[in-house]
Amino acid sequence: MSARDAARAIAAGRVLAGAAFLVAPALAGRAWIGDDAERPGVQAIFRALGVRDLILGLLTLHVVDRPGIGPRTVATCAAADAVDFGATLAAREALPARAAAGALAVAGGSAVSGAILAVALRA
């Protein structure tokens, strides 16, 4: 698989995740933070996160083939994933262990993969 195809696959996953957080924040958020996802205030934050990921994913799909902007956009997505990883790591004691482990794996894997792909796309 090429770096562009891998970046597209991650971007498509980001679009799907973003849509899930936007449309069904309690359901999507439960896998990340457990029962707190049922709280209306938390759902508002998850919807905001969903819009962020939906836009970043669509933007990445749109520009991934463009020299310069494609790699920078993929790097931006990796940075967002690194923030998600750090935020989850900081709160992990207050989260269900299984949910925290899953979120850390997804966010960490996406951050590292995105960083590697951003470099590969510059070549």
Side-chain angles (χ1 to χ4, degrees):
M1 177 180 284
S2 72
R4 279 185 176 72
D5 288 341
R8 282 187 195 98
I10 291 173
R14 184 179 300 281
V15 168
L16 292 174
F21 279 109
L22 185 59
V23 173
L27 181 62
R30 180 176 297 285
W32 190 350
I33 65 166
D35 291 339
D36 283 337
E38 297 295 328
R39 296 174 40 211
V42 173
Q43 290 178 26
I45 294 167
F46 275 137
R47 282 192 174 100
L49 176 74
V51 168
R52 176 200 80 173
D53 278 345
L54 183 65
I55 290 169
L56 284 173
L58 290 171
L59 178 63
T60 302
L61 290 170
H62 181 67
V63 303
V64 72
D65 292 323
R66 296 183 187 180
I69 194 163
R72 287 193 308 268
T73 303
V74 171
T76 299
C77 291
D81 292 330
V83 170
D84 293 347
F85 178 88
T88 304
L89 186 64
R92 72 187 177 284
E93 297 298 324
L95 301 173
R98 186 173 177 178
L104 288 168
V106 170
S110 294
V112 171
S113 298
I116 291 168
L117 289 169
V119 171
L121 289 171
R122 287 188 184 120

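Sequential numbering from 1 along the given sequence is applied to the chain's residues.
Among all heavy-atom pairs drawn from A37 and F46, the shortest one is CB-CE1, 4.2 Å. Scanning all heavy atoms of the two residues, the minimum distance from A103 to T88 falls at CB-CG2, 3.9 Å. When all heavy atoms of A26 and Q43 are compared, the pair lying nearest together is CB-NE2, 3.6 Å. Shortest non-hydrogen contact noted between A115 and A78 is N-CB, 3.6 Å. The two residues A82 and A111 come nearest to each other via the heavy atoms N-CB, 3.7 Å. The two atoms that bring V15 and L61 nearest to each other are CG2-CD1, 4.2 Å, heavy atoms only.
Separating the CG atom in L27 from the CD atom in E38 is a distance of 9.0 Å, to the nearest 0.5 Å. Taken to the nearest 0.5 Å, the CZ atom of R52 stands 13.0 Å off from the CG atom of L22.
A continuous path of Ile, Leu, Val, Met, Phe, Trp and Tyr side chains, each step under 4.5 Å between heavy atoms, connects V51 with L54, placing both in one hydrophobic cluster.
Under the 30°/60° scheme for interplanar angles, the aromatic rings of F21 and W32 are found to stand perpendicular.
Residues C77 and I10 fail the side-chain proximity criterion, which asks for heavy atoms closer than 4.5 Å. By the 4.5 Å heavy-atom criterion applied to side chains, R14 and D81 are counted as neighbours.
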Please assess D84 against L49 for the test side chain to side chain contact (heavy atoms under 4.5 Å, CB included), listing each intermediate value before the final yes or no.
-> CA-CA 10 Å; D84 293 347; L49 176 74; 4.2 Å; yes
Please test R8 against D65 for side chain to side chain contact (heavy atoms under 4.5 Å, CB included), starting from the C-alpha separation and ending with a verdict.
-> CA-CA 10 Å; R8 282 187 195 98; D65 292 323; 2.6 Å; yes
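Each of L121, L59, L117, D5 was scored for a side chain to side chain contact (heavy atoms under 4.5 Å, CB included) with V64, with one residue passing: L121.
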